[in-house]
2 protein chains.
Amino acid sequence: MDNFIEQAIALATENVRRDGGPFAALVVKDGIVIAAGTNQVARGNDPTAHAEIVAIREACRVLGDFQLTGCDIYASCEPCPMCLGAIYWARPARVVFAATHDDAAAAGFDDAFIYRQIGTPPAARAIPMIHAPHTDAARPFREWTDKPDKTKY
Amino acid sequence: MDNFIEQAIALATENVRRDGGPFAALVVKDGIVIAAGTNQVARGNDPTAHAEIVAIREACRVLGDFQLTGCDIYASCEPCPMCLGAIYWARPARVVFAATHDDAAAAGFDDAFIYRQIGTPPAARAIPMIHAPHTDAARPFREWTDKPDKTKY
């Protein structure tokens, strides 16, 4: 475990030197690193390109699957809410992280605000999320439910 | 607002007919749709390819920016925790959604479990998240903080 965490920390440090953000993550299966990701938000103009998201997408590409069954994720830092959600959809066996939310916040990366917003009613959030009821709102779900050959995910 | 919500619902329905998941999202700026996304999880072997994530990435590519300042997101369904996190990092002005969490859950897409997991201590989660302290854990942040030309995000 220590070796993979050290690799993740080293990759995060290297990413800073290459003008990326101070985050990295590895996906490990059967003791082998099958994917590595670093924060590419600014470089790639992609606010979703956190290290864990980049590594999860790459690992799924390598495995040809949308699930990371039996995989471990080693992250240089505790996941933000977006990455935590992605981890649950990808379903690895476990996640190991080195730096904490507090370490990240001290460097100006404060996701505690987002964690707090999750518990706030949608319309009252800092980014208002407005429910616009529509008679056809459930139609995509009805068509989905009626399909005989759907893939559940 | 109704027109964009109707477009999002129609796109989600069309995506089901094309063997995608029953979700779609649009990014609108100055009254114009600048990006559209549909759920591509199974088709693309990408657990992060929810409609909102696909649309946010595309909109940022179009704008050449990692922020969606002044944009609205119209989603066929209320965002899951991953997409909610992505929305906060992308910072659009607001989000409008048609179907609710309950509609999605009734079709078998239950993200309430993930919302509950967020409030669970990391090591006790269904996917255990283990803190592995390391003497170099904060090193990427230190190098980041010392950089004179860093981009804050």
Side-chain angles (χ1 to χ4, degrees), chain A residues 1 5-6 9 12-13 16 22-23 41-42 45-48 53 56-57 60-61 64-66 76 80-82 84-90 92 94-100 103-104 107-108 114-115 117-118 127-132 134 136-141 143-145 147 151-153, chain B residues 1 5-6 9 12-13 16 22-23 41-42 45-48 53 56-57 60-61 64-66 76 80-82 84-90 92 94-100 103-104 107-108 114-115 117-118 127-132 134 136-141 143-145 147 151-153:
Chain A
M1 183 192 290
I5 275 293
E6 278 171 16
I9 295 169
T13 306
V16 174
F23 302 92
V41 169
N45 282 331
D46 182 355
T48 75
I53 301 277
I56 287 170
R57 299 181 79 214
C60 287
R61 195 188 65 74
D65 197 348
F66 58 82
S76 63
C80 83
M82 174 179 71
L84 188 141
I87 287 162
Y88 275 94
W89 293 121
R94 61 176 189 162
V95 179
V96 182
F97 61 91
T100 65
D103 296 322
I114 302 179
Y115 275 106
Q117 286 282 299
I118 290 171
I127 298 174
M129 300 188 189
I130 301 154
H131 182 209
H134 193 285
D136 285 340
R139 186 171 175 193
F141 295 128
E143 294 218 7
W144 171 266
T145 304
K147 279 190 80 156
T151 305
K152 272 289 176 200
Y153 52 90
Chain B
M1 184 193 289
I5 275 294
E6 278 171 17
I9 294 169
T13 306
V16 174
F23 302 92
V41 169
N45 282 330
D46 181 355
T48 75
I53 301 277
I56 288 169
R57 297 182 79 213
C60 286
R61 195 188 63 75
D65 197 349
F66 58 82
S76 64
C80 84
M82 173 178 71
L84 187 142
I87 286 162
Y88 275 94
W89 293 122
R94 62 175 189 163
V95 179
V96 182
F97 62 91
T100 65
D103 297 320
I114 302 179
Y115 275 106
Q117 287 281 301
I118 290 171
I127 298 174
M129 301 188 189
I130 301 155
H131 182 209
H134 192 284
D136 285 341
R139 186 172 173 191
F141 295 127
E143 294 218 6
W144 172 265
T145 304
K147 280 189 79 157
T151 304
K152 271 289 174 201
Y153 54 89

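Here is the naming used below: chain letters follow the sequence lines, and residue numbers restart at 1 for every chain.
Interface check for chain B: of the options A:Ala99, A:Ala90, A:Pro47, the most heavy-atom pairs under 4.5 Å are formed by A:Pro47. Annotation: maximal heavy-atom pairing with chain B below 4.5 Å, among A:Asp136, A:Thr100, A:Val16, A:Ile87, occurs at A:Val16. Options B:Ile56, B:Asp46, B:Asp103 differ in how many heavy-atom pairs under 4.5 Å they form with chain A, and the most are formed by B:Asp46. When each of B:Ile118, B:Asp65, B:Asn45 is checked for heavy-atom pairs under 4.5 Å with chain A, B:Asn45 comes out on top. With chain B as the partner, the residue from A:Gly85, A:Pro92, A:Ala98 showing the most heavy-atom pairs under 4.5 Å is A:Ala98.
Put simply, CG on A:Leu84 and CD1 on A:Ile114 are 12.0 Å apart, with the number rounded to the nearest 0.5 Å. Atom-to-atom distance recorded for A:Met82:CE and A:Ile53:CD1 is 4.5 Å, nearest 0.5 angstrom.
Here B:Phe141 and A:Phe23 bring their ring centres to under 6.0 angstrom of each other.
Using a 30° and 60° split on the angle between ring planes, B:Phe97 and A:His131 fall in the parallel class, below 30°.
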Quiz item: Given B:Glu143 and B:Arg139, is the salt bridge (Lys or Arg N to Asp or Glu O under 4.0 Å) satisfied, shown in steps?
Solution: CA-CA 6 Å; B:Glu143 294 218 6; B:Arg139 186 172 173 191; 3.7 Å; yes
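Residue contact with chain A, scored on non-hydrogen atoms closer than 4.5 Å, involves the side chain of B:His134 exclusively.
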